[in-house]
There are 2 protein chains.
Amino acid sequence: MLTRLYDADEAAKQWSSARSIADAATMSVKFLEQILGELRSAGIVKSRRGSSGGHALAMAPDEVTLAKVIRLMDGPIAPLACVSLNYYERCEDCKEEECGLRRVMVQARDAQLSILEHRSLQDLI
Amino acid sequence: MLTRLYDADEAAKQWSSARSIADAATMSVKFLEQILGELRSAGIVKSRRGSSGGHALAMAPDEVTLAKVIRLMDGPIAPLACVSLNYYERCEDCKEEECGLRRVMVQARDAQLSILEHRSLQDLI
DNA sequence: ACTATTCCCATTAAACTTATAGGAATTAAA
DNA sequence: TTTAATTCCTATAAGTTTAATGGGAATAGT
């Protein structure tokens with residue numbers, strides 16, 4: 001769905017309307033607007049109001065890593081909060097240095113991030 | 001919590017009561033019983049009723065991969081249902097062969113599984 | 001002024017997670 | 001054979017999160 005936002009010629013600054021994207025993805029415009037709002041306030045998408053307004057990518061496609069988008073949409077990538085880089089929360093009654101589960105979960109997190117941090121919108125086409 | 005189940009001498013078949021485990025983990029016995037029930041019906045844990053009954057691992061600690069346990073407790077490991085090995089669900093209106101997102105998510109899934117399928121309870125101690 | 005569009009906020013509806021509760025079945029031991 | 005400890009089964013409540021809808025104000029082009 002995001003890929004539609006950079007089909008347009010960058011110089012020409014084509015703004016895709018929420019309506020047109022929603023139609024293509026068969027989802028409600030209102031719901032889509034909400035998602036685009038999140039993307040905008042995260043700086044991934046920029047928008048222009050008014051009669052022939054719309055939405056467009058705010059940065060180059062290869063700068064939008066999947067990790068960024070997923071964190072924004074789905075929250076933490078890490079399987080446990082105590083190994084999350086961006087949404088860390090400590091477990092209660094846990095000595096992190098000694099926790100074997102945590103040690104393994106860090107490995108799992110890093111394995112996944114090694115993919116998601118190095119794949120961008122560019123790679124989705 | 002699971003690690004407590006194989007502290008005991010395997011030959012002596014020590015059965016840990018739900019109560020004793022719950023105390024150590026500061027959780028309600030009833031809640032723990034529910035979890036142990038799931039583990040039992042998945043064949044990871046076996047139980048014995050009656051006066052001096054309890055629970056014990058049903059297989060060697062190194063056979064209990066984290067992938068097994070996580071799938072049982074948390075469901076799919078894959079970040080999207082359409083790339084899940086055990087809980088696959090097709091996306092609607094999607095030609096999987098052409099879907100760039102899916103291609104990347106498969107990579108992310110495999111990266112994570114390469115850890116979780118090769119780490120067992122044994123590795124948590 | 002008129003119209004198409006984003007933008008913001010509030011609300012509902014559905015789903016899932018977490019936890020609690022009661023009691024039947026089973027077993028060992030007294 | 002009675003008693004006590006324990007698993008086992010099922011229902012349900014409470015809480016949280018997610019998905020979706022809706023109304024209307026702000027903006028910009030014509």
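Throughout, protein chains are lettered first and strands after them, A, B, ... in sequence-line order, and every chain is numbered starting at 1. We use all heavy atoms of the structure for the numbers below, so side chains are in, but hydrogens, waters and symmetry mates are not.
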**Student:** Hey, are A:E117 and A:R71 close enough for a salt bridge, meaning a charged N less than 4.0 Å from a carboxylate O?
**Tutor:**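 Counted as a salt bridge, because a side-chain N and a carboxylate O are separated by less than 4.0 Å.
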**Student:** Which letters describe nucleotides 5-18 of chain D, given B = protein heavy atom under 4.0 Å from base, S = only from sugar-phosphate, - = neither?
**Tutor:** BBBBS-B-------
**Student:** How long is the straight-line distance from NZ of A:K46 back to CZ of A:R40, given to the nearest 0.5 Å?
**Tutor:**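 One gets 13.5 Å once the value is rounded to the nearest 0.5 Å.
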**Student:** Restricting to non-hydrogen atoms, name the atom on B:T65 and the atom on B:L116 that form the minimum distance, rounded to 0.1 Å.
**Tutor:**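 Minimum heavy-atom contact is CB-O, 3.9 Å.
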**Student:** Could you pull out all residues at least two apart from A:E63 that satisfy side chain to side chain contact (heavy atoms under 4.5 Å, CB included)?
**Tutor:**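 Result, side chain to side chain contact (heavy atoms under 4.5 Å, CB included) vs A:E63: A:M59, A:A60.
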**Student:** On DNA chain C, which is the earliest and which the latest nucleotide, 5' to 3', with an atom closer than 4.0 Å to a heavy atom of chain B?
**Tutor:**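 Result: C:dT18 to C:dA28.
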**Student:** Considering all heavy atoms of both residues, which atom of A:L32 and which atom of A:A18 are nearest to each other, and what is their separation?
**Tutor:**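 Where A:L32 meets A:A18 most closely, the heavy atoms are CD2-O, 3.2 Å.
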**Student:** For the backbone of A:L80 and the side chain of A:S84, can you confirm whether one donor and one acceptor N or O come within less than 3.5 Å of each other?
**Tutor:**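 No: the side chain of A:S84 does not pair with the backbone of A:L80.
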**Student:** Between A:I77 and A:R109, is any pair of side-chain heavy atoms under 4.5 Å apart?
**Tutor:**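 SC-SC contact between A:I77 and A:R109 ruled out.
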